[in-house]
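All values derive from a computational prediction rather than experimental measurement. So that the names make sense, note that chain A is the first sequence line, chain B the second, and so on, each numbered from 1.
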Amino acid sequence: MAHKLVIVESPAKARTIGGYLGSGYVVESSIGHIRDLPNNAADTPAKIKDKPWGRLAIDVENGFEPYYVVPRDKKSHISKLKQLLKDADELFLATDEDREGEAIAWHLLDELKPKNIPVKRMVFHEITKAAIQEAAANPRELDMDLVEAQETRRLLDRLYGYEVSPVLWRKVMSGLSAGRVQSVATRLVVDKEKERMAFRAASYWDLEGTFDAGSKHDQRMFPAKLHTVDGTRVATGSNFGQDGQLKAGRSGKADVVHLDQRRAEALASALADTSYDVRSVESKPYRRSPYAPFRTTTLQQEASRKLGMSSSVTMSVAQRLYENGFITYMRTDSTTLSGNAIAAARSQVSELYGSEYLPDAPRTYASKVKNAQEAHEAIRPAGDSFRTPAQTGLTGDQFRLYELIWMRTVASQMKDAVGQSVTIRLGGAAASGEDVVFSASGRVITFHGFLKAYVEGTDDNAAKDDQETRLPNLAEGDPVSAASLSANGHETKPPARYTEATLIKELEDRQIGRPSTYASIISTILNRGYVYKKGTALVPAWIAFSVTRLLTEHFERLIDYEFTASMETVLDDIARGEKDRVTELTEFYYGSERLQGLQPLVTGLGDIDARELATFPVGSAEDGIDLRVGKYGPYLEGPDDGSGTRVRANVPDDLPPDELTVDKAKELLANPAGEEIELGTHPESGLPVVAKNGRFGPYVTEVLPEDAPKKDKPRTGSLFKSMSLDTITLDDAVKLLALPRVVGADPESGEEITAQNGRYGPYLKKGTDSRSLTSEDQIFGISLDEALKIYSQPKHRGRAAAAPPLKELGNDPVSGQPVVVKAGRFGEYVTDGEYNATLRKDDSVEAITLERAAELLAERRAKGPAKKAAKKGAKKTAAKKTAKKTAAKKTAAKKTARKS
DNA sequence: CAGTGAGCGAGCTTCCGCTTGACTT
């Protein structure tokens, strides 16, 4: 039977809407985007692979034509949609009403190719029966200008990410990434750390006292702080700048009095016998309105403050609540509640708190988000009447998050909190002649309103909205005495580091990122190693300083904090049909008279000095200390003493950049050995033996006395793979230091045969003739006979025998040669004896067939015969391998260092 | 950043925004 096919983005939404539309409609979901630019070479269509722009999948030479593909995991879903479309007599594209949703609708149309049936665009902003039925009755056409705007966004992000990232691979480190969003997020964290590094603390003193209003007051004792001395304000933290100096006042000079310890204490003793009277009582009404209902970012912030959840945990708990029908959609930038939701919230207010807490008219909340697309409602309990947390039967994190959402939603429809704020000034005369004024502040809330249901958390130690401080009911002229008085020292604090939640807030304020990506932005900068977490604080790694420096020096416009906001302006113009995609992308990529293009910028970067980029002076030029970001992590270089070599020392990975002061750097340089483990004294040489981590992995070495001649080199030996810095003993070390071991002499030539470990693993050496060994244990265990046997065989055969094929597949249809799978230095590969082809990411030894192997070999053959690799290339590869090993072992070494 | 000798398969990394299972333990 024929039906109308409705396609929405989310399966959970499809279920709900299916119920509202009834029979005659089949509601399915697209599960997000159904097509995209290919991710990597494996997904790129063969016909564009060899184009100069194949890697981008955008024909930058012809109108920025994109080449979209349906990702592997979406193919079966597309078939399912096509199947449903066969029996449909009408198609409703009901994806979200925002830029991405419009694009998904167009991709669906372009991919499903419905024939001879009407296609309508259907939109709604809330999932209620009335809204859905109205949307079905009033469809519109696809907005191609909006689709163009989305494509511009998508292509610009691809060009930015896939052109700039390779610059980082060449100049900083392989595997890094740059992008419109992540690079700015990283920059925010780096810039904050720079502020902290430049920060100079100021110290200031003040007087704090407890005052006594007398026995006729219920609230007798209350605290007050010194406010003025002879009519001049006493300096507090906010009077100091980041440089530790007093900020200038209106007159151009500081118009406050800065108390130091001596003066504060002198004043305190001069006030020992002072009596005070009330100089003024100022009372102001206090009023606070409820917070808007949750959107993604505010939910993430509050879940972090109140429940200690990371942004990704918050989102996955919310996802489960959404899928099970407890809350509305959790990725939204809207604070709007549907009419049904307002009614539900209001009825719960009167039910739970009484009608005196209910405002006469419903409250509405305008969006504070600048580029809000408002495709969804605010995040709220689902349904036309809300379940209280107890009624849900939820437990654990889901219960706590639901409770938070429920409370916030209900509170948003409650009355303001009102009360009084009171400031009391007390005056007195010091024995030394000064006139002093103390100040006390209080707050009394007379009607709690929404605060009864919900109080927002704070990131710093600001007073909470519902906090009350009661003061005695004093009048001007009343006498007051000081019960106690003390001089206290304070220091100004550097600006706080970002947390996940405050960074996300900052990004939202700057219109960077979208609700669906905030949590993953954090994951990206954590995974790339740009940032790490120390408690909840986000600390930048030194490599983030290098990357941010490269981008700010060479891609200034792209990493500008305003870049995304100005892009949004252009996209809006395109969406209104006032600008066009190709013109904008051409300007972005190739440049124009007023703007430098990305492409000429990237190709002209050969002369970036990678070494300089990774060098950061510590302290002043006189200190001569540099921090450098190397392949193996950050290290310090001491002053050049003219010897030609500078002292080097590792910087612990978890030392925050703002703690690397000149003193700390000198301390690290004084012990350049870094993390080393003392194993004992060598029984023969009498020298101390230590184990440490080096460029080529963990090793043991003797420590020469300080007065030893410089040309003396200590003996060293790499640990075997079977050993670790955690478990190495002095005995092991002595054995390793004794290498190479003399196995014996060749009876024919008399040449000595030795066994040792080298760059390519364990091997035997006889003069210039070397042979690999299969295991490290053979270095200690192999006998002369066995060694001679190895030497009796030609070099190559021994190696081939050592690596039998992992799998035999049969004969190649082209060459007729047997095809086998082997494990090689670069991973698993197939070979027909002449050509070798590495298995791709999606291939496996278990799953590979002869057909697939033949395909890979055919591709390989097309590239021509194997080139003889240059010596340089081979060396580089080997160094890379070692580097990986080093990194892997580094953590192990650290653990040991801590234990001891 | 410790320095130790071959002879030979490189291919991939990466963006931002939509959205869920599919995997394993």
Between Arg99(A) and dC16(B), does any side-chain N or O lie under 4.0 Å from OP1 or OP2? no

Could you give the CD1-to-P distance, from Ile34(A) to dT20(B), as a whole number of Å? 16 Å

Taking the minimum atom-to-atom distance to the side chain of Tyr699(A), which one of dG5(B), dA2(B), dT19(B) wins? dA2(B)

Taking only the side-chain nitrogens and oxygens of Thr517(A), find out if one of them lies under 4.0 Å from OP1 or OP2 of dG17(B). yes

Under 4.0 Å between any heavy atoms, over every strand shown, what does Gly32(A) touch: base, sugar-phosphate, or nothing? Just pick one. base

Donor-acceptor pair under 3.5 Å: do we get one between Arg648(A)'s side chain and the base of dC1(B)? no

What nucleotide, of dT20(B), dC15(B), dA2(B), holds the atom closest to the side chain of Tyr162(A)? dC15(B)

Glu752(A)/Lys765(A) under salt bridge (charged side-chain N to carboxylate O under 4.0 Å, His left out): CA gap, chis, key distance, verdict: CA-CA 8 Å; Glu752(A) 206 170 62; Lys765(A) 188 177 166 184; over 6 Å; no

Side-chain N or O of Tyr518(A) closer than 4.0 Å to phosphate OP1/OP2 of dG17(B): no

Ala41(A) side-chain proximity, nearest of dT20(B), dC12(B), dG5(B): dC12(B)

When the distance from CG of Asn757(A) to C1' of dG3(B) is rounded to whole Å, what number comes out? 13 Å

Taking the minimum atom-to-atom distance to the side chain of Pro11(A), which one of dC18(B), dT20(B), dT14(B) wins? dT20(B)

Closest nucleotide among dA2(B), dC15(B), dT20(B) to the Thr716(A) side chain: dA2(B)

Atom-to-atom span, CD of Gln319(A) to P of dT20(B) - whole angstrom: 5 Å

Considering only NZ, NE, NH1 and NH2 on the basic side and carboxylate oxygens on the acidic side, decide whether Lys766(A) and Glu751(A) come within less than 4.0 Å. no

With under 30° as parallel and over 60° as perpendicular, where do the rings of Phe563(A) and Phe588(A) fit, or are they tilted in between? tilted

Selection from dC1(B), dT14(B), dG17(B) that lies nearest to any side-chain heavy atom of Arg153(A): dG17(B)

Respond yes when some side-chain nitrogen or oxygen of Gln182(A) is under 4.0 Å from OP1 or OP2 of dC15(B), and no when none is. yes

Can you find a side chain N or O atom of Ser177(A) that sits less than 4.0 Å from OP1 or OP2 on dC15(B)? yes

Check this one for me: any side-chain N or O of Arg35(A) less than 4.0 Å away from OP1 or OP2 of dC18(B)? no

Looking at the side chain of Asp36(A), which of dT14(B), dT20(B), dC16(B) is the nearest nucleotide? dC16(B)

Is Arg295(A) salt-bridged to Glu508(A), cutoff N-O under 4.0 Å? yes

The side chain of Glu9(A) is closest to which nucleotide in this list: dC15(B), dC1(B), dC18(B)? dC18(B)

Proximity to the side chain of Tyr763(A) - top-ranked nucleotide from dG5(B), dC15(B), dT20(B): dG5(B)

From CZ of Arg154(A) over to C1' of dC18(B), roughly how many Å is that when rounded to an integer? 11 Å

For this output row, return yes or no: ring centroids of Tyr67(A) and Trp53(A) closer than 6.0 angstrom. yes

So, does Asn40(A) get its side chain near the phosphate of dT13(B), meaning an N or O under 4.0 Å from OP1 or OP2? yes

Compare the minimum distances between each of dT14(B), dC18(B), dA2(B) and the side chain of Arg528(A), then state the nucleotide with the smallest one. dT14(B)

